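Since the structure comes first, as structure tokens, the remarks are kept for the end.
It should be emphasised that the depicted structure is a prediction, and the values quoted were computed from it without experimental measurement.
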Amino acid sequence: MLRPVQVHLFASARQLVGQRTVRWTVPAGGLPAREIVAGLERRFPRLGPTLRVSRFLRNDRYLADLEETVRPGDEFAVHPPYGGG
Amino acid sequence: MLRPVQVHLFASARQLVGQRTVRWTVPAGGLPAREIVAGLERRFPRLGPTLRVSRFLRNDRYLADLEETVRPGDEFAVHPPYGGG
Amino acid sequence: MVVRLSRRSLSLAAVERRLRTARSGGVVLFAGRVRPDRADGRTTVALLYEADRAPALDRLRALEAEARRRFGARDVVLYHRLGRVRVGEVSVVVAAACAHRAQAFDAARYLIDELKATVPIWKEERARPARRPPRRPGRRAGRSAGSGRAR
Amino acid sequence: MVVRLSRRSLSLAAVERRLRTARSGGVVLFAGRVRPDRADGRTTVALLYEADRAPALDRLRALEAEARRRFGARDVVLYHRLGRVRVGEVSVVVAAACAHRAQAFDAARYLIDELKATVPIWKEERARPARRPPRRPGRRAGRSAGSGRAR
């Protein structure tokens, strides 16, 4: 049984979706990150504008690009623009 | 009896003269500050270079210029370049 | 070096203890506090801060290393509060100890600018409406024991 | 506002208490400490600070007014120690609380630069010679009980 990808949503992304974490099923060989992002927008259309200004991480590392493969059991994070301080 | 001017020397000026305060006799009508400064250099020749980079105060106020009159009983201060911090 | 994300409030005395490196001539510290005024006329009562903790700590440690490399910082403090921080409280502290003051100013400025732009921390406002009539000093006189603050 | 010349050591906690103005978004603080290293290879053990007290306080108050005028500083601390200050101790603190951080950085930088250049305070070094052999850990074993520090 394949473990899902855990998609962690922060700040405005979390508020728009109403959930902190979304489970995402991917095939055994994984998916390019851009397909996860596109899938999120299809499932949560209001998230679109936020996704276009967000950064993405796989297992706590920033993605080099959206072609990076996301595999079953990975953690995937959506970071809207930062606002600390 | 006329009170002397108290000339207060700070930092390198004090070290060169070896005294913190020097008494200076001026006539009842006072003297322009430049004559006090010239007199200090005559009396303490090693003080010359320091006097040329110092600022002067009369009664805790910076002199507008060296023509300002210094009167009996005044306090006159010699400030070499500052070095706080 | 101190890099910390914490729900607890921070005193400058704690920062001072961390910056006792005798060879550093200058320490510059920036403390950011929650301000009450908002552009829309409402009044902020608190900010809620959240972080993506592991990558945030990684970024803070990278900023510390960069401050050492670029500005010769000998000691660095990077501290951000998480959770609810009320108006007037300190939400963030950065500090850099360097041999000379110009470096320390540049390092502290770099650290707070980069922290705000590149560390995964977010804030959410808790505000109350504008022009709320002042409350009477006789407290809890009516039926409501509510504090009047947004949650 | 605090403008002070004092022989007593200063804690940042005391500065913090003075900067509790809730409306200020950013506080920048500079603390200058006595450094041991000298250009000539000797080692500073302490600095002796003196001031011409009345005009120094006048100048510090003028700097505070100027920081308010130019940078919108809402609270200012200007503190300088006098007398003997040992290596590693803080000799000067300036701090400015402003609505925004850029102003606070500019104000603090202005205050320390102007303090050094225009306030009648002077320092005199107390140093010991270069390349002194390290002292043995067995202290006061010989006939001399001297500390080896210059006075």
Side-chain angles (χ1 to χ4, degrees), chain B residues 3-24 30 33-34 36-37 40-41 44 46-85, chain D residues 3-7 10 29-35 38-39 44 46-63 77-85 87 89-95 108-126:
Chain B
R3 286 175 301 152
V5 170
Q6 305 270 342
V7 178
H8 300 291
L9 304 169
F10 290 91
S12 58
R14 185 189 66 245
Q15 288 157 19
L16 287 162
V17 169
Q19 288 174 250
R20 187 174 294 275
T21 305
V22 172
R23 284 153 174 267
W24 208 265
R34 77 180 140 67
I36 307 256
V37 175
L40 285 168
E41 183 165 0
F44 308 106
R46 292 171 63 201
L47 203 50
T50 296
L51 290 169
R52 282 188 281 284
V53 294
S54 289
R55 301 180 69 185
F56 306 102
L57 294 83
R58 188 177 73 86
N59 298 338
D60 293 334
R61 298 258 169 189
Y62 288 94
L63 296 185
D65 60 59
L66 284 170
E67 299 311 309
E68 194 170 319
T69 302
V70 180
R71 296 173 199 286
D74 278 354
E75 312 265 331
F76 189 81
V78 176
H79 284 188
Y82 304 137
Chain D
V3 165
R4 195 168 292 165
L5 296 170
S6 168
R7 297 191 155 259
L10 170 71
L29 177 148
F30 171 81
R33 292 190 299 185
V34 177
R35 296 168 59 204
R38 289 166 42 117
T44 302
L47 295 178
L48 282 179
Y49 287 96
E50 66 173 319
D52 189 358
R53 203 176 172 89
L57 287 169
D58 285 349
R59 270 300 297 154
L60 290 172
R61 288 190 200 99
L63 289 181
V77 170
L78 292 166
Y79 193 107
H80 206 297
R81 279 188 70 185
L82 298 180
R84 184 184 181 93
V85 183
V87 161
E89 290 185 347
V90 170
S91 56
V92 60
V93 170
V94 308
R109 187 72 186 263
Y110 168 84
L111 288 168
I112 184 63
D113 288 352
E114 289 292 308
L115 183 152
K116 284 174 172 260
T118 72
V119 176
I121 299 174
W122 300 269
K123 57 173 158 273
E124 195 182 323
E125 281 191 342
R126 290 291 181 261

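Looking at every heavy atom in both residues, D:Arg35 comes nearest to D:Thr44 through O-CB, 3.6 Å. Considering all non-hydrogen atoms of both residues, D:Leu60 and D:Val119 come closest at CD2-CG2, 3.9 Å.
Residues of residues 49-75 of chain B lying within less than 4.5 angstrom of chain D, judged on heavy atoms, are B:Leu57, B:Asp60, B:Tyr62 in numerical order.
The aromatic ring centres of D:Tyr49 and D:Trp122 sit 6.0 Å or more apart.
B:Gln19 places none of its side-chain heavy atoms less than 4.5 Å from the side chain of B:Arg14. Taking the side chain as every heavy atom from C-beta outward, D:Ser91 and D:Lys123 never approach each other to under 4.5 Å.
With rounding to the nearest 0.5 Å, the separation of CZ in D:Arg53 from CG in D:Leu5 is 5.5 Å.
Interface remark: B:Pro80 contributes backbone and side-chain atoms alike to the contact with chain D (heavy atom separation under 4.5 Å). Contacts between D:Ala56 and chain B at a heavy-atom distance below 4.5 Å are absent for every atom of the residue. Heavy atoms closer than 4.5 Å to chain D are found in the side chain of B:Ala77, but not in its backbone.
There is no side-chain donor-acceptor pair under 3.5 Å between B:His8 and D:Asp52.
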